[in-house]
Amino acid sequence: MIERVRAVLVTPDHTMLVIRRTRPGIPEYWVLPGGGVEPTDESREAALHREIHEEIAGKADIIRLLHTMESDDERQLFYLARIATWSFDDRTGPEFSAEGRGEYALEEIPLTLAGLDGIDLKPEDIVQVLRGAIRAGSLGIEASL
């Protein structure tokens with residue numbers, strides 16, 4: 001089974017970092033930073049730290065596992081994390097130099113219902129989890145910032 005890790009990265013300004021994907025012939029969409037767990041990763045959390053470093057040259061404090069999605073051949077784990085510094089210009093991930101992968105643009109959006117409604121974040125399951133947590137005030141990240 002393939003495992004992927006992704007992070008809801010909350011900034012000190014209570015925004016969320018997302019990556020806008022633009023690919024030829026496909027409507028633009030947004031994803032959370034993250035990627036595949038590799039055999040050399042010591043843990044899922046180590047994989048997430050590696051991916052955050054590769055994709056946005058950032059360091060995050062992982063707060064907790066927020067949601068897990070499973071299909072027959074893939075498991076995605078979504079973590080809630082806080083991030084204070086990042087540099088999209090210093091990213092190092094191999095996907096950024098691959099031909100035909102399209103564009104990756106880092107954006108900050110408000111961590112609000114309106115912010116979520118303003119983008120096409122994938123997968124839809126995590127959008128529903130975030131909407132529910134925002135409505136309930138249960139993200140619990142404010143106390144840890």
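Only heavy atoms go into these numbers, but all of them, side chains included; no hydrogens, no water, no symmetry mates.
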Student: Rounded to the nearest 0.5 Å, how far apart are CZ of R75 and CE of M1?
Tutor: 5.0 Å

Student: For A60 and L9, work out which heavy atoms get closest and say how close.
Tutor: CB-CD2, 3.8 Å

Student: Applying salt bridge (charged side-chain N to carboxylate O under 4.0 Å, His left out), name anything that partners R4, two or more places apart in sequence or on another chain.
Tutor: E74

Student: What residues form a side-chain hydrogen bond (donor to acceptor under 3.5 Å, both in side chains) with T68, not counting sequence neighbours?
Tutor: none

Student: If we only count heavy atoms from C-beta on, is the L32 to F78 side-chain gap below 4.5 Å?
Tutor: yes

Student: Could you tell me which non-hydrogen atom of P123 sits nearest to which non-hydrogen atom of M69, and how far apart they are?
Tutor: CG-SD, 3.6 Å

Student: How far apart are the C-alpha atoms of E107 and L17, what are their side-chain angles, what is the distance that settles it, and do they pass the side-chain contact (heavy atoms from CB on, under 4.5 Å) test?
Tutor: CA-CA 6 Å; E107 297 181 354; L17 297 179; over 6 Å; no

Student: Who are the salt bridge (charged side-chain N to carboxylate O under 4.0 Å, His left out) partners of K122, not counting sequence neighbours?
Tutor: D120

Student: Considering only heavy atoms from C-beta outward, does the side chain of L121 approach that of I109 to under 4.5 Å?
Tutor: no

Student: Hey, can you pull the donor-acceptor pairs under 3.5 Å for the side chains in residues 128-135, sequence neighbours left out?
Tutor:
{"residue": "Q128", "atom": "NE2", "partner": "E124", "partner atom": "OE2", "Å": "2.4"}
{"residue": "R131", "atom": "NE", "partner": "D117", "partner atom": "OD1", "Å": "3.4"}
{"residue": "R131", "atom": "NH2", "partner": "D117", "partner atom": "OD1", "Å": "2.7"}

Student: Considering all heavy atoms of both residues, which atom of L80 and which atom of L66 are nearest to each other, and what is their separation?
Tutor: N-CB, 4.2 Å

Student: In sequence, state the C-alpha distance, the side-chain angles, and the governing distance for R44 and Y79, and then conclude on side-chain hydrogen bond (donor to acceptor under 3.5 Å, both in side chains).
Tutor: CA-CA 10 Å; R44 293 170 180 148; Y79 290 86; 5.3 Å; no

Student: Using a 4.5 Å cut-off on heavy atoms from C-beta on, say whether the side chain of D41 contacts that of E38.
Tutor: yes

Student: Within a strict 4.5 Å, meaning less than it, do heavy atoms of the I63 and V10 side chains meet?
Tutor: no

Student: Show the nearest heavy-atom pair for residues W86 and L106, with the distance to one decimal.
Tutor: CD1-CD2, 3.4 Å

Student: Does a side-chain heavy-atom distance below 4.5 Å link H49 with I62?
Tutor: yes

Student: Among residues at least two apart in sequence or on other chains, which ones pass side-chain contact (heavy atoms from CB on, under 4.5 Å) with E28?
Tutor: R20, T22, W30

Student: Please report the closest heavy-atom contact between A7 and I52, naming both atoms and the distance.
Tutor: CB-CD1, 4.1 Å

Student: Check side-chain contact (heavy atoms from CB on, under 4.5 Å) between T112 and all other residues, then give those that pass, not counting sequence neighbours.
Tutor: P110, A114

Student: Determine whether H67 and I126 satisfy the following criterion, side-chain contact (heavy atoms from CB on, under 4.5 Å), listing intermediate values before the conclusion.
Tutor: CA-CA 7 Å; H67 183 65; I126 195 60; 4.0 Å; yes

Student: Show your working on side-chain contact (heavy atoms from CB on, under 4.5 Å) between I56 and I83 and close with a plain yes or no.
Tutor: CA-CA 11 Å; I56 63 172; I83 191 161; 3.6 Å; yes

Student: Listed by chain and number, what are the side-chain hydrogen bond (donor to acceptor under 3.5 Å, both in side chains) partners of D73, not counting sequence neighbours?
Tutor: S71

Student: Is M16 close to V8 at the side-chain level, that is, under 4.5 Å between some pair of heavy atoms?
Tutor: yes

Student: Under the 3.5 angstrom rule, does the side chain of R21 hit a backbone N or O of Y104 as a donor-acceptor pair?
Tutor: no

Student: Which residues satisfy the side-chain hydrogen bond (donor to acceptor under 3.5 Å, both in side chains) test with E108, sequence neighbours excluded?
Tutor: T15

Student: Checking D90 now: which residues fulfil side-chain contact (heavy atoms from CB on, under 4.5 Å) with it, not counting sequence neighbours?
Tutor: A57, S87

